[in-house]
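What follows is a single structure, written as structure tokens, with notes after it.
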Amino acid sequence: MEIRGRRSGVAYRLGIGAIALAASACVGTAPPQPTVVPDDARGQPATTEPRAPVAADTARTALETGPEDARSARLPAIPSSTGPIDLQVQYPRARQRLTAADSNFIFGSVGTGDAQLEIDEVPVPVHANGAFLAWLAVPEATRGDTAVYRLTARQDTQRVELELPVRLPYDPRRASERPALDTEGFEQMRERWVLPGEPVELLIRGEPGLSVWLEAGEVRFPLSPRPDAGVPVGRYGITVDAAELRNAACDAGSAAGACRHASTELASDTNRVARTLPVDTLALGLVATDGRDTIRAEGDLALGWLSPDDLPAVDLVEAPDPINGLSGVVVGRPTPSGPYRWRFPNGTRARVSGRLGDRLRLRLGDDLDAWVLAEDAQWVDGISASPAQVYDVRVEPGPDRLTVRVGVSSTLPIQVSQSDDNTLHLTLFGALGETSRITYGEGDPLIASMEWVQLPGQRYRLTLRLRESVWGHRAAWVSGQSRTYEGPRGERGPEQDGGIVLRFEVRRAPDIDARRPLLGRRVAVDPGHPGGGSRGPTGLFEGDANLAIARQLVRMLEGAGAEPVLIRTDGNAVGLYERTRRAVDAGAELFVSIHNNALPDGVRPFGREGTSTYYYHPHARALALAVQEGLLLEMGLRDLGIRWGDLAVARMPWMPSVLAEGAFMMMPRHEAALRTPGFQARYARGVLRGLESFLRSRAREDQ
């Protein structure tokens, strides 16, 4: 299962839609210890509160072996295991908070195939090796937000019981008999920087059916239920003009403490004060009532005020990340917590148009913003607000790439996009074109044409049309001759010119032998995890299965004449960006990451297991299709299709990069198969087939 790197206190975001499951795999909580009782004993529950009734359809679901059996006929039979009962639950872990309130899966092993198992009095099938996977109603809370799964395993005269405590999803009604309202987010509101006329949105969780309002001074601002409100937890929200909120609080008089004026110093990277930002801290109240009882909470909202004509500037420089490593870019998102959509090379300069907590909003254009982590920004001073100028463009051919050098007056945000297999667009935001020459140099055979256009919103776009499909690309800011390339080539250095150049490299496809497409090809093989990763019912760790498959793939690649690069050779954790850096440093031409999947809480597992392959950049889609087809031919599991995914290792654009999710760790038959060298080899051969097919399709006709 893939991991997606993230900083600011969170080591990893785990999973392809499997966050909760993967997180449980690395929780260090000690598992609960089973209790062995005589067969005629009658154990009493730990609480006298009634346990949740189990619906008939839920009981039948728990008895299913699932549609995966019909689609997994090519999987090896699960080997038999006999012996004493050894009852272990792999998921959920003890005291883990679930994200599903209704039904969820639970899986583990009883240690032997000849035992019977009940969970909350529902019979659960046990596989020949002792593994089990059940889909059951989530137990009712026994104390606070804690619920308990009760497992009983029987074998002849032996009976083993296990109580597994878990924490249920947040439900404010458990905390008190008073109207339930989650005030934590309100009491700890994040600082916001806003522009004139900009609204502020506040969202509060609470019991449905309440009347909720915000108090600023003497003014009430009602919160309304949001359409996505759920049961039992509702959502109430308000969107109000920031200035209106400030005026209401400040009109009450700063002496009363409702409004405090201050300023924030934005220090430049030379540690001197660059400028100050006026900030108002508003003392707000939150009130909720059900008509019988009323609850109140207080919170401070800090509002910083930006001027649209004088936005502060920052240089984007990737902050140190000891867990993931460095990627060489600062990633931008369309919303504060959205997916990554921009890759800003280190040194990019941008204007800040807003803030929400630890996220800064950058102004790319009149109607386009990007969000970045504040820790990736260094404040700068004395920067003109005028658009940057884009000067001449020159192509410099090289043996494995062509380099497009674009002179600019200042670094600025960029975006690389691809409209078809052969066309790349390089967009510079906040720029006006003064390009009078585009020099092709010696006339590189890879490039068919280039042209530039000035787009609305101070966007400059350079389009490259290639004679071959895109293989890879990357961009960086360097110093050099920015205004002209009519003189000597090369970077003369800032002491001679003081200019800035955007170096955009377009990678050539390697020379591919159609008869032996892997001959001489350098392929990076990345065994996914650790850190993170999931475990199967009998405890097989995904990282170990991935490494075993990767080793088989390496041997097959060597047999086909390729030069494989094994990114991880042992069980030690490797950072996400360290993985891609190793591939780039080794000169790899293709990148494939080996994973096995899982599901998030609340998703019924039977019938949803299978094979999928992920890509991020358009030039990797064909590789994803080829690898997916190869895996299906070799493993014969359900086709879950290829998918675009915002995944760390796939975001590296220098080579076609994909991530394969071959099987499902949580499915007993899949986990048992992943333990066998034969099935590991089938997984590896599937990837090998895909690599061969993709490379053969890219071989030139004259070879």
Side-chain angles (χ1 to χ4, degrees), residues 325 328 398-402 446 468-474 505-528 546-570 572 574-595 613 615 617 619-620 622-631 634 649-660 662 677 680-700 702-703:
D400 62 344
R401 73 199 70 179
L402 62 83
L446 175 58
E468 299 176 0
S469 296
V470 174
W471 191 273
H473 55 79
R474 61 186 179 188
E505 296 174 303
V506 181
R507 195 171 190 183
R508 302 184 192 280
D511 293 331
I512 302 168
D513 185 340
R515 295 165 298 179
R516 297 187 63 191
L518 282 165
L519 182 64
R521 302 282 60 79
R522 189 160 294 182
V523 181
V525 180
D526 171 41
N546 298 341
L547 182 57
I549 295 163
R551 285 172 172 160
Q552 294 233 32
L553 177 57
V554 164
R555 289 193 289 271
M556 294 177 186
L557 287 167
E558 290 172 340
E563 300 176 10
V565 178
L566 186 59
I567 299 299
R568 174 172 68 88
T569 59
D570 53 30
N572 294 324
V574 179
L576 293 174
Y577 300 129
E578 174 65 18
R579 295 169 186 260
T580 55
R581 187 192 65 79
R582 290 182 182 183
V584 172
D585 290 349
E589 299 158 331
L590 297 168
F591 184 100
V592 59
S593 190
I594 305 297
H595 287 255
T613 306
Y615 74 98
H617 295 286
H619 62 270
L623 177 59
L625 282 166
V627 169
Q628 177 74 1
E629 182 178 358
L631 291 172
E634 288 292 335
V649 294
R651 289 195 299 264
M652 182 264 299
W654 189 233
M655 65 194 76
S657 306
V658 298
L659 182 145
Q680 294 165 5
R682 285 165 56 185
Y683 190 142
R685 279 197 302 271
V687 175
L688 188 77
R689 275 178 176 261
L691 293 170
E692 286 180 327
S693 175
F694 171 76
L695 289 169
R696 189 175 289 112
S697 71
R698 295 296 303 271
R700 299 187 181 92
D702 57 352
Q703 295 181 348

Arg516 vs Arg696 side-chain heavy atoms within contact, under 4.5 Å: no
Least distance between heavy atoms, Ala583 atom then Ile567 atom: N-CD1, 3.9 Å
Inter-residue atom distance Asn546.CG - Ile594.CD1, 0.5 Å rounding: 7.5 Å
Neighbour count >12 (heavy atoms, 6.0 Å) for atom CD, Glu468: yes
4.5 Å side-chain heavy-atom contact, Pro656 and Trp471: yes
Min side-chain heavy-atom separation Leu623-Leu691 under 4.5 Å: yes
Side chains of Arg651 and Tyr577, donor plus acceptor under 3.5 Å: yes
Side-chain touch Phe591/Val658, heavy atoms, less than 4.5 angstrom: no
Shortest non-hydrogen contact between Ser657 and Ala620, atoms and distance: O-CB, 3.4 Å
Aromatic plane relationship, His619 with His473 - under 30° parallel, 30 to 60° tilted, over 60° perpendicular: perpendicular
Arg698 side chain to Asp511 backbone, donor-acceptor under 3.5 Å: no
Salt-bridge contact Arg522-Glu589 (side-chain N to carboxylate O under 4.0 Å): no
Step-by-step side-chain contact (heavy atoms from CB on, under 4.5 Å) determination, Leu576 to Thr580: CA-CA 7 Å; Leu576 293 174; Thr580 55; over 6 Å; no
Atom pair CD (Glu578) and CZ (Arg568), whose distance is rounded to the nearest 0.5 Å: 13.5 Å
For the student: nearest non-hydrogen atoms of Leu518 and Glu692, plus distance: CD1-CG, 3.3 Å
Derivation and outcome, side-chain contact (heavy atoms from CB on, under 4.5 Å), residues Leu631 and Val687: CA-CA 6 Å; Leu631 291 172; Val687 175; 3.8 Å; yes
Min side-chain heavy-atom separation Leu590-Arg521 under 4.5 Å: no
Approximate separation, where rounding is to 0.5 Å, of His595 NE2 and Ile549 CD1: 11.0 Å
Salt bridge present between Glu634 and Arg689 (N-O < 4.0 angstrom): yes
Nearest-0.5 Å distance, OG1 of residue Thr613 to CG of residue Leu625: 8.5 Å
Charged N-O contact under 4.0 Å between Arg508 and Asp400: no
Nearest non-hydrogen partners of Leu695 and Ile512, listed with the distance: O-CG2, 3.4 Å
Pair Glu558 + Arg555, salt bridge at N-O below 4.0 Å: no
Rounded distance [0.5 Å steps], CG in Leu566 versus CZ in Arg582: 10.0 Å
Side chains of Trp654 and Arg401 in contact at under 4.5 Å (non-hydrogen atoms): yes
pair Met652-Val584: side-chain heavy atoms closer than 4.5 Å: yes
CG-CD distance between Leu547 and Gln552, expressed to the nearest 0.5 angstrom: 11.0 Å
Pairwise side-chain contact, Leu659 with Val649, heavy-atom cut-off 4.5 Å (strictly under): yes
